[in-house]
Number of protein chains: 2
Amino acid sequence: MKRRNTAAKQTILDILQASRSVPLSQEDIEQKVAGKMNRVTVYRVLNSFYEDGYIHKILADDGKYYFAICLNCREDDHHHDHFHFRCLNCQKVECLQEEVKVQLPGGYRQESVNCLITGYCPECA
Amino acid sequence: MKRRNTAAKQTILDILQASRSVPLSQEDIEQKVAGKMNRVTVYRVLNSFYEDGYIHKILADDGKYYFAICLNCREDDHHHDHFHFRCLNCQKVECLQEEVKVQLPGGYRQESVNCLITGYCPECA
DNA sequence: TTTGTTAATGCAATTGAATTGCAATAATAA
DNA sequence: TTATTATTGCAATTCAATTGCATTAACAAA
Ligand SMILES: [Mn+2]
Ligand SMILES: [Mn+2]
Ligand SMILES: [Zn+2]
Ligand SMILES: [Zn+2]
């Protein structure tokens with residue numbers, strides 16, 4: 001009896017599923033569930049999903065966290081090492097296909113990656 | 001008469017100069033200037049340096065901003081497009097030599113880059 | 001050197017995303 | 001059905017960062 005299935009979790013999961021390669025901010029999700037649950041619940045559900053490895057979390061240079069379903073990850077093999085993109089005009093964040101490949105200097109051990117490119121998307125450029 | 005030279009600015013500039021490839025957080029700098037100036041002044045000086053292009057600013061995945069002197073930039077050519085590294089143990093942040101090279105999908109325009117690798121540095125690994 | 005303008009500063013108050021404490025609620029194992 | 005305890009809502013709190021405003025001081029002009 002570790003985690004329980006609840007309406008709140010299912011609702012948020014559905015929202016994330018429907019936005020596969022477009023990470024959503026806490027605020028984005030709050031708006032979509034407005035009235036259905038408390039904002040603190042959104043925080044806690046997102047954090048539990050993240051802890052359990054169902055979603056990945058990126059900190060964008062607007063200072064907000066964005067969350068997206070893990071796509072090419074398996075329980076035993078997480079690799080959230082792709083770039084993300086944020087549009088300065090429409091604010092949308094996207095997962096890019098390209099993986100981050102860094103040649104670290106000797107002795108450094110890589111644990112995780114948080115790479116964000118900021119600019120203008122095709123619709124706004 | 002745009003910007004004025006003040007003791008506060010000179011002090012902070014000296015600190016950043018002495019820490020060339022090791023970006024410092026607001027908090028780091030505050031400690032070094034403790035008693036000499038107000039913390040709000042530190043914020044404002046750092047922001048003015050950043051606006052004027054003297055330093056670059058990165059948001060690390062600990063949620064804090066880190067600042068470092070621009071090294072290979074000229075007035076007309078800024079390129080803060082290198083990776084950064086943060087050690088999970090000693091918390092130190094470093095500028096890496098390697099530049100970020102992303103092949104953006106068609107139509108996307110890149111403006112800036114905020115790429116951080118998190119892991120363990122040689123001393124802590 | 002003196003003076004006037006206004007950028008810079010200190011201090012207190014405020015913002016806003018994120019977190020925490022706690023009592024009430026509800027999922028689920030027994 | 002019942003007992004256990006994870007989950008939720010609500011209020012309060014945290015903490016870095018920002019803002020307002022009166023005071024100070026840099027520096028251009030006289
Ligand atoms: Mn994943
Ligand atoms: Mn630079
Ligand atoms: Zn856009
Ligand atoms: Zn270290």
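Values below: all heavy atoms of this structure, side chains included; hydrogens, waters and symmetry mates excluded. A note on names: the letters A, B, ... follow the listed sequences, proteins ahead of strands, and every chain is numbered from 1.
Nucleotide D:dA16 holds its P atom 11 Å from the CG atom of B:Asp62, rounded to whole Å. The distance from atom CG of B:Asp52 to atom C1' of C:dA7 is 13 Å, rounded to the nearest whole Å. Distance A:Arg4 CZ to C:dA29 P: 9 Å, rounded to the nearest Å. Straight-line distance from the CZ atom of A:Arg44 to the C1' atom of C:dC22: 10 Å, rounded to whole Å. B:Leu24 places its CG atom 17 Å from the C1' atom of D:dA16, with the value rounded to the nearest Å.
Among the nucleotides D:dA6, C:dG10, D:dA25, the one closest to any side-chain atom of B:Met37 is C:dG10. Relative to the side chain of A:Val45, the nucleotides D:dT4, D:dT8, C:dA8 differ in distance, and D:dT8 lies closest.
The stretch residues 108-120 of chain B participates, sequence neighbours left out, in these salt bridge (charged side-chain N to carboxylate O under 4.0 Å, His left out) pairs: B:Arg109-B:Glu111. Every pair tested for ring pair (Phe, Tyr, Trp, His ring centres under 6.0 Å) that includes a residue from residues 6-40 of chain A fails, sequence neighbours excluded, so the list is empty.
Within 6.0 Å of NZ in B:Lys32 there are 12 or fewer heavy atoms belonging to other residues, nucleotides or ligands.
Taking 3.5 Å as the limit, the base of D:dT7 and the side chain of A:Arg3 contain no donor-acceptor pair of atoms between them.
Every residue two or more places apart in sequence or in another chain was checked for a salt bridge (charged side-chain N to carboxylate O under 4.0 Å, His left out) with B:Arg44, and none qualifies. In this view, B:Asp28 satisfies the salt bridge (charged side-chain N to carboxylate O under 4.0 Å, His left out) rule with no residue, not counting sequence neighbours. Partners of B:Glu99 under the side-chain contact (heavy atoms from CB on, under 4.5 Å) rule, at least two apart in sequence or in another chain, are B:His79, B:Asp81.
Taken residue by residue, residues 5-15 of chain B places heavy atoms nearer than 4.0 Å to DNA chain C at B:Thr6, B:Ala8, B:Lys9.
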Name the atoms and distances for all side-chain donor-acceptor pairs under 3.5 Å in residues 63-70 of chain B, with sequence neighbours left out.
from    : atom 1 : to      : atom 2 : distance (Å)
B:Lys64 : NZ     : B:Glu27 : OE1    : 2.8
B:Tyr66 : OH     : B:Asp62 : OD2    : 2.8

With a cut-off of 3.5 Å and sequence neighbours excluded, list every side-chain donor-acceptor pair involving residues 10-19 of chain A.
from    : atom 1 : to      : atom 2 : distance (Å)
A:Gln10 : NE2    : A:Asp14 : OD1    : 3.0
A:Thr11 : OG1    : A:Ala7  : O      : 2.8
A:Gln17 : OE1    : A:Arg20 : NH2    : 3.0
A:Ser19 : OG     : A:Val22 : O      : 2.6

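Taking Ile, Leu, Val, Met, Phe, Trp and Tyr as members and joining any whose side-chain heavy atoms lie under 4.5 Å apart, directly or through other members, the hydrophobic cluster of A:Tyr108 also contains A:Phe83, A:Phe85, A:Leu96, A:Val100, A:Val102, A:Leu104, A:Val113, A:Ile117, B:Phe83, B:Phe85, B:Leu96, B:Val100, B:Val102, B:Leu104, B:Tyr108, B:Val113, B:Ile117. Through direct or indirect side-chain contacts shorter than 4.5 Å among Ile, Leu, Val, Met, Phe, Trp and Tyr, B:Tyr120 is connected to B:Leu88.
Listed for the A:Asp52 side chain is no donor-acceptor partner under 3.5 Å among the backbone atoms of A:Tyr54.
Annotation: the terminal axes of the helix from C:dT1-D:dA30 to C:dA30-D:dT1 meet at 40°, where each axis is the rotation carrying the C1' atoms of four end pairs onto the next four (5 pairs per end, rounded to 10°).
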What's touching nucleotides 12-19 of chain C from the protein side, N or O pairs under 3.5 Å?
from   : atom 1 : to      : atom 2 : distance (Å)
C:dA18 : OP2    : A:Tyr43 : OH     : 3.1

